[in-house]
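Inspection log for the structure reproduced underneath, given as structure tokens.
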Amino acid sequence: MSADLTPSRAATIPERPSLDGLEDKWGRVWAEQQTYAFDRAKALEGSRAEVFSIDTPPPTASGSLHMGHVFSYTHTDCMARYKRMVGLNVFYPIGWDDNGLPTEKRVQNYYGVRGDASLPHDPSFVPPHRGDAKSLRAGDAMPISRQNFIELCDELTVEDEKAFESLFRRLGQSFDWTISYRTIDDHSRATAQQAFLRNLARGEAYQAEAPGLWDVTFQTAVAQAELEARDYPGAYHRVAFHLGDGGAGTEPVYVETTRPELIPSVVALIAHPDDERYAGLFGSTVRSPLFGVEVPVVAHPLAEMDKGAGIAMCCTFGDLTDVIWWRELQLPTRSVITRQGRIQAEVPAWIASGPGAGLFAELAGKTVHAAREAVVAALRESGDLDGEPRATQRKANFYERGEKPLEIVTSRQWYIRNGGRDAALNDKLVGQGQSVDFHPPFMRARYSNWVTGLNGDWLVSRQRFFGVAIPVWYPLDAEGEPVWDRPIVPSEESLPVDPVTQAPDGYEESQRGRAGGFIGDPDVLDTWATSSLSPQIAAGWRRVDEDGAVTTDPLFDKVFPMDVRPQGHDIIRTWLFATIVRAYYEHGTAPWRNAAISGWILDPERKKMSKSKGNVVTPEDVLREHSADAVRYWAASGRLGTDAAYDVGQMKVGRRLAIKVLNASKFALSFGDVRADADLAAMVTDPLDRALLAGLADVIEKATAGFESWDYTRSLEVTETFFWTFCDDYLELVKDRAYGANVDDAAAASARATLRLALDSLLRLLAPFLPYVTEEVWSWWHEGSVHLTSWPTADEVRLAGEPADPAMLGAVGAALATVRKSKSEAKLSMRAEVAHIVLGGPESLLDHVRAGESDLRAAGRITGSLDYVPAQTWTASDVELIPVEKPKPQA
RNA sequence: GGACGUGUAGCUCAGCUGGUUAGAGCGCUCGCCUCACACGCGAGAGGUCAGGGGUUCGAGUCCCUUCACGUCCA
């Protein structure tokens, strides 16, 4: 039986091995030698099964990497390294998500600018400053053209990405850096536009004018997945609506509303059909206070009987329930809130002829907040406010990055169907989730819950500057009005396009904005609409050949569907779901076979780490202080799907382990060389050595099983435990035997061979977790990288002949511990000699101890008589110890 | 209100399909400068496995229920 090892040679070992500098040393070597390069040619020749492909999350380039990134990316890297060692051709790309609002905000602050679509491109533009913005008020920002703005985004994200790359490299991420992309680069933009155009051609994407959530700060539409419900202070205002013509003697109907400023928008009062208090009013009409607009009282089950007065004021639009009522009850549209979050300037028709026209004119142009105060004052004056407003906490929808509650405005937007309005499609998309193996499995419920609970299609258009342009134009009719339902689309060959600066085929730029001409769609796609195509972008779904033809890279079928999507659970509803939707439409399949979901990192007090709490640590500092291997050890101790604490203690344990690997390896290789051509396995004859390797074989099997079930933590744990036993017991037991004797001494040779065999496997078992220290030690006596060797197999260390019993090492180790305990209790040095001892132990194990007695005597310094007696537990009796002679201080 | 997860030594966590006196590391206490390692080595103390009920010869492990915490969705 010969082990499948890389070439070995006489060991060259540093005098004092150290972790310091290993990251720089090996990081450079790995980069120079392309250690982690994906073998494209081999993939193209071979079968899909020989490849392991990873849909790496592209981090947001404009943020900064935090310990959560370190945590989850390490999880993936450990799996990637394992898969590489079992012989798979690992496709491990890295991309940057430099798209979207975070980048825009960062660019605005960094350069002191803001985008203004009305401005022309200035080719010689120089930003006011770079970084170090002084106190920057929105008004001070310099307005610049969209193109100039995008150029700045481009400039800054490239800088940010360099910092990220350096950190990832130091952490030991085994990406293939040649397979990289940026979600704003030409290839990504073209891919995103091509996929969108195909969605459009197949009817999966559509345009609609509809009420939708709108962020007044960022001036953009917002999708359901970007919502965040937050507590928001408000007040119930009890407001009177008047019956009939409001004649005296009739009791008004009181509603309780938190948004009195929307009274001009009221279209109905709505109560629950079972609510007897209002049953008599259904079908009749009431007049709104102040404005005197006549609205019906209608029944709908979404009215909450126990909330407020039990009867709600339906306005267009105060919240999402209003939208449902408006749609289902076919109510009129009476919007007064503009996209800026202010009351519109013109007095609307339904108010102009009524008593409130003057009041409305006063409200015009006011913010929602100011309008509310004005309306409340007017209600007080007219007597329509019953009592005083009562403060309340209500849940309001916010854009996840926004600071003001979302308004609902009607606008023309693009959508991609995602099952939110189509039960059959919803079922299919839930089914796509079933075909992905989630790790841990319960994470699938997050997916199914989200998909099942969707209440609308995916809104993909955003009114932003920096992003992938929606690749369509609209013809203008003879009156100069856009013909929305006949969008002009570009050819796939011409992608990427920017409809704002380029004219569509068949038109001249001079026709832009003119009757009979065209306009370009000014919007960009949701960031997720691009990042949801990360598998397609990385794997070359779109490729442009030299002749300009659009095809697909033949590699695509060798890596797609990908083997795994690693990501955090917070973006199951966005990134994971969107990727499934896109792959389903384009390929009819799930985009990956597995989804590996990492948990969050919490601070030691179990709080979420955030800048505002001041408990954020920067990965650079952490890596410098503890070493990359130590930080990886901490990360790898966290199982998939489980939140973990930021735990310096665990990093110290990892550092200790890494240092132990250095020292133990040095020791194990220091007993004199074995013959280079020797069959190591054949040299292992001593029963204790055979027991060690038998135990190691079991460990290899368990560690392998761990990785195969995505439980890398289990692999680390069994390997680590065994490694410490190897150090504390086995090394101690055999060192005397391995020392000193000549090369031809069979007992010594057995120990030395075992040490090498064991170390060889142990390093490979630890390599996915501790890439630096294992590479360092490997280099002492091997050619090539440990990361490109084969994963150890139990067969390598399972010797021919009589099967050895791994329990023997445990038995002799327990006996040694018993001897140590005697010395410890006597408060003596471990060097103290044992003149006499009677060892008690389980009868079934005593034979094992006898078989290893010479090693036990050497390690325990038992120089006198050693007797055995069966006992329930390990005990020592009749112990006679000889203290070590303390050397007299020299005079 | 719904879904999912978690609750095991002071702390961080293992305990897989139920089976002998519940494990590890850190921390703590005591001892040891043992020729790989003092960034080390050895030894020790610490738990009625959140509470209650049930199934079983036997439950931290399965079922029911209560409580606490977390995340997401309403």
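Every chain is numbered from 1 and lettered A, B, ... according to where its sequence line falls, protein lines coming before strand lines.
- Looking at residues two or more places apart in sequence or on another chain, you find a side-chain hydrogen bond (donor to acceptor under 3.5 Å, both in side chains) between A:S637 and A:Q650.
- The side chain of A:R831 places no N or O atom within less than 4.0 Å of a non-bridging phosphate oxygen (OP1 or OP2) of B:C33.
- Contact check, A:R714 against B:A24: no side-chain N or O comes under 4.0 Å of OP1 or OP2.
- When both pairing distances are held under 3.5 Å, B:C57 makes a Watson-Crick or G-U pair with B:G19.
- Using P as the reference atom, B:G31 and B:U71 are 46 Å apart when rounded to the nearest Å.
- At a threshold of 4.0 angstrom between heavy atoms, the contacts of A:R861 include nucleobase atoms, whether or not backbone atoms are also involved.
- Residue A:D570 is classed as having no contact, given no heavy-atom separation below 4.0 Å to the nucleic acid.
- Listed nucleotides: B:U12, B:C37, B:C73. Nearest to the side chain of A:N663: B:C37.
- When Watson-Crick and G-U wobble pairs are counted only if both distances are under 3.5 Å, B:A9 pairs with no nucleotide at all.
- Electrostatic pairing of A:D629 and A:R655 does not count as a salt bridge here, judged by no charged N lying under 4.0 Å from a carboxylate O.
- Taking syn as a glycosidic angle within 90° of 0, B:G46 qualifies as syn.
- Nucleic acid contact for A:Q872: none, since no nucleic acid atom lies under 4.0 Å from a heavy atom of the residue.
- Look at A:E407 and A:R259 and you find a salt bridge, because one of the NZ, NE, NH1 or NH2 atoms lies within 4.0 Å of a carboxylate O, short of that distance.
- The side chain to side chain contact (heavy atoms under 4.5 Å, CB included) test applied to A:D805 returns A:A807, A:H848, not counting sequence neighbours.
- Taking atom C1' on both nucleotides, B:C69 is separated from B:U8 by 16 Å, rounded to a whole Å.
- Within the 4.0 Å cut-off from OP1 or OP2 of B:C39, not a single side-chain nitrogen or oxygen of A:K660 is found.
- Residue A:W634 is classed as having no contact, given no heavy-atom separation below 4.0 Å to the nucleic acid.
- A sub-4.0 Å separation between OP1 or OP2 of B:C39 and a side-chain N or O of A:K652 is absent.
- The side-chain tip of A:R230 points at the ring of A:F398 from less than 6.0 angstrom away and within 45° of straight on.
- Within the nucleic acid shown, A:E720 has no heavy atom closer than 4.0 Å to any nucleic acid atom.
- Considering only side-chain N and O atoms, A:Q650 lies nowhere under 4.0 angstrom from the phosphate OP1 or OP2 of B:A14.
- The pair A:K702-A:D711 fails the salt-bridge criterion, with no side-chain N (NZ, NE, NH1 or NH2) lying under 4.0 Å from an Asp/Glu carboxylate O.
- Base pairing annotation: B:U71 forms a Watson-Crick or G-U wobble pair with B:A3, both donor-acceptor distances under 3.5 Å.
- Judged by closest nucleotide on RNA chain B, A:N449 is the one of A:H569 and A:N449 placed further toward the 5' end.
- At least one side-chain nitrogen or oxygen of A:R639 sits closer than 4.0 Å to the OP1 or OP2 atom of B:G15.
- Within 4.0 Å (heavy atoms only), A:A826 reaches no atom of the nucleic acid at all.
- Summary of the strand contacts: A:A229 and A:S637 both lie near RNA chain B, and taking for each the nucleotide with the nearest heavy atom, the more 5' one is attributed to A:S637.
- Atom name C1', nucleotides B:G7 and B:C13: the rounded distance is 13 Å, in whole Å.
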